Amino acid sequence: MDVKIGILALQGNVSEHIDAFVLALDRLDCGSSSAVVTVRHPADLEGCHALALPGGESTTISRLIDKNHLYEPIRNFSGGIFATCAGMVLIATHVDDARINTLNLIDMTVDRNAFGRQRESFETDIPIAGVDGGLFHAIFIRAPVATHAGAGVTVLSRLDQGIVAVEQGKHMALSFHPELGGDTRLHERFLKKIGV
Ligand code: GLN
């Protein structure tokens with residue numbers, strides 16, 4: 001399959017996601033028939049099979065999504081969405097911050113900064129349902145958690161503070177940063193979900 005992956009490139013960890021998807025596509029032997037592109041305007045989404053919403057500052061990204069007229073195109077996007085950290089905040093139905101114009105694509109309630117401030121960032125090895133090959137080294141940077149997930153949401157991993165990995169339909173949301181560290185198992189799982 002010729003696959004095109006868009007990375008929302010308004011603010012945040014954009015280049016890390018590009019590198020991780022390029023690596024994951026190579027590992028799935030689709031490197032030569034695929035493209036990873038940046039998305040800043042609605043036309044950039046054309047032909048994309050998937051879109052990554054990277055980590056960064058969710059209030060800023062939400063404002064830029066509106067400013068760049070991307071809210072409706074992302075909300076109506078027919079492909080899968082891979083949302084990490086700030087992306088998990090954006091993709092939820094409910095968020096504890098009125099400044100976020102939520103995309104309402106995964107039925108969950110998300111608390112921003114659930115672990116505290118920057119200095120409470122941490123790394124830990126966690127089990128993730130459906131991901132073989134042992135624990136995943138997860139990097140949490142001012143991370144959110146989901147405090148509630150609806151019936152249609154599959155919870156893949158949780159910590160004491162709340163849910164940190166979910167899937168709903170073609171979409172996946174993670175409160176940590178799988179694009180850092182070279183382990184592409186979650187990117188690969190997502191790519192397989194969208195038919196790669
Ligand atoms: N706490 C940030 C927010 O809610 C997310 C942090 C991150 O993406 N690393 O916007």
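Source: prediction; values computed, not measured. Numbering of ligands and ligand atoms starts at 1, following listing order. Excluded from the calculations below are hydrogen atoms, water molecules and symmetry mates; all remaining heavy atoms, backbone and side chain alike, are included.
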- Does a donor on one side chain and an acceptor on the other come within less than 3.5 Å for Thr84 and His17? yes
Let me check something: any side-chain donor-acceptor pairs from residues 145-157 under 3.5 Å, sequence neighbours excluded? List them with distances.
unit_1 : atom_1 : unit_2 : atom_2 : d
Thr147 : OG1    : Thr109 : O      : 3.4
Ser157 : OG     : Pro127 : O      : 2.8

- How long is the span from the CG atom in Leu8 to the CG atom in Leu90, to the nearest 0.5 Å? 8.0 Å
Pairs of nitrogen or oxygen atoms, one from ligand 1 and one from the protein, closer than 3.5 Å: please tabulate them with distances.
unit_1   : atom_1 : unit_2 : atom_2 : d
ligand 1 : 1 (N)  : Asn113 : OD1    : 2.5
ligand 1 : 1 (N)  : Arg142 : O      : 2.7
ligand 1 : 4 (O)  : Ser58  : OG     : 3.0
ligand 1 : 4 (O)  : Arg112 : NE     : 2.8
ligand 1 : 4 (O)  : Arg112 : NH2    : 3.2
ligand 1 : 8 (O)  : Gly56  : N      : 2.9
ligand 1 : 8 (O)  : Gly56  : O      : 3.1
ligand 1 : 8 (O)  : Ala86  : N      : 3.1
ligand 1 : 9 (N)  : Ile141 : O      : 3.0
ligand 1 : 9 (N)  : His177 : NE2    : 3.0
ligand 1 : 10 (O) : Ser58  : N      : 2.5
ligand 1 : 10 (O) : Ser58  : OG     : 2.7
ligand 1 : 10 (O) : Arg112 : NH2    : 3.3

- Note on the structure: Those residues at least two apart in sequence (or on a different chain) that pass salt bridge (charged side-chain N to carboxylate O under 4.0 Å, His left out) with Arg99 are Asp97
- Message: Taking the basic N atoms (NZ, or NE/NH1/NH2) and the acidic carboxylate oxygens, is any pair closer than 4.0 Å for Glu57 and Arg112?
- Response: yes
- Item | By salt bridge (charged side-chain N to carboxylate O under 4.0 Å, His left out) - contacts of Asp183 (at least two apart) | Arg185
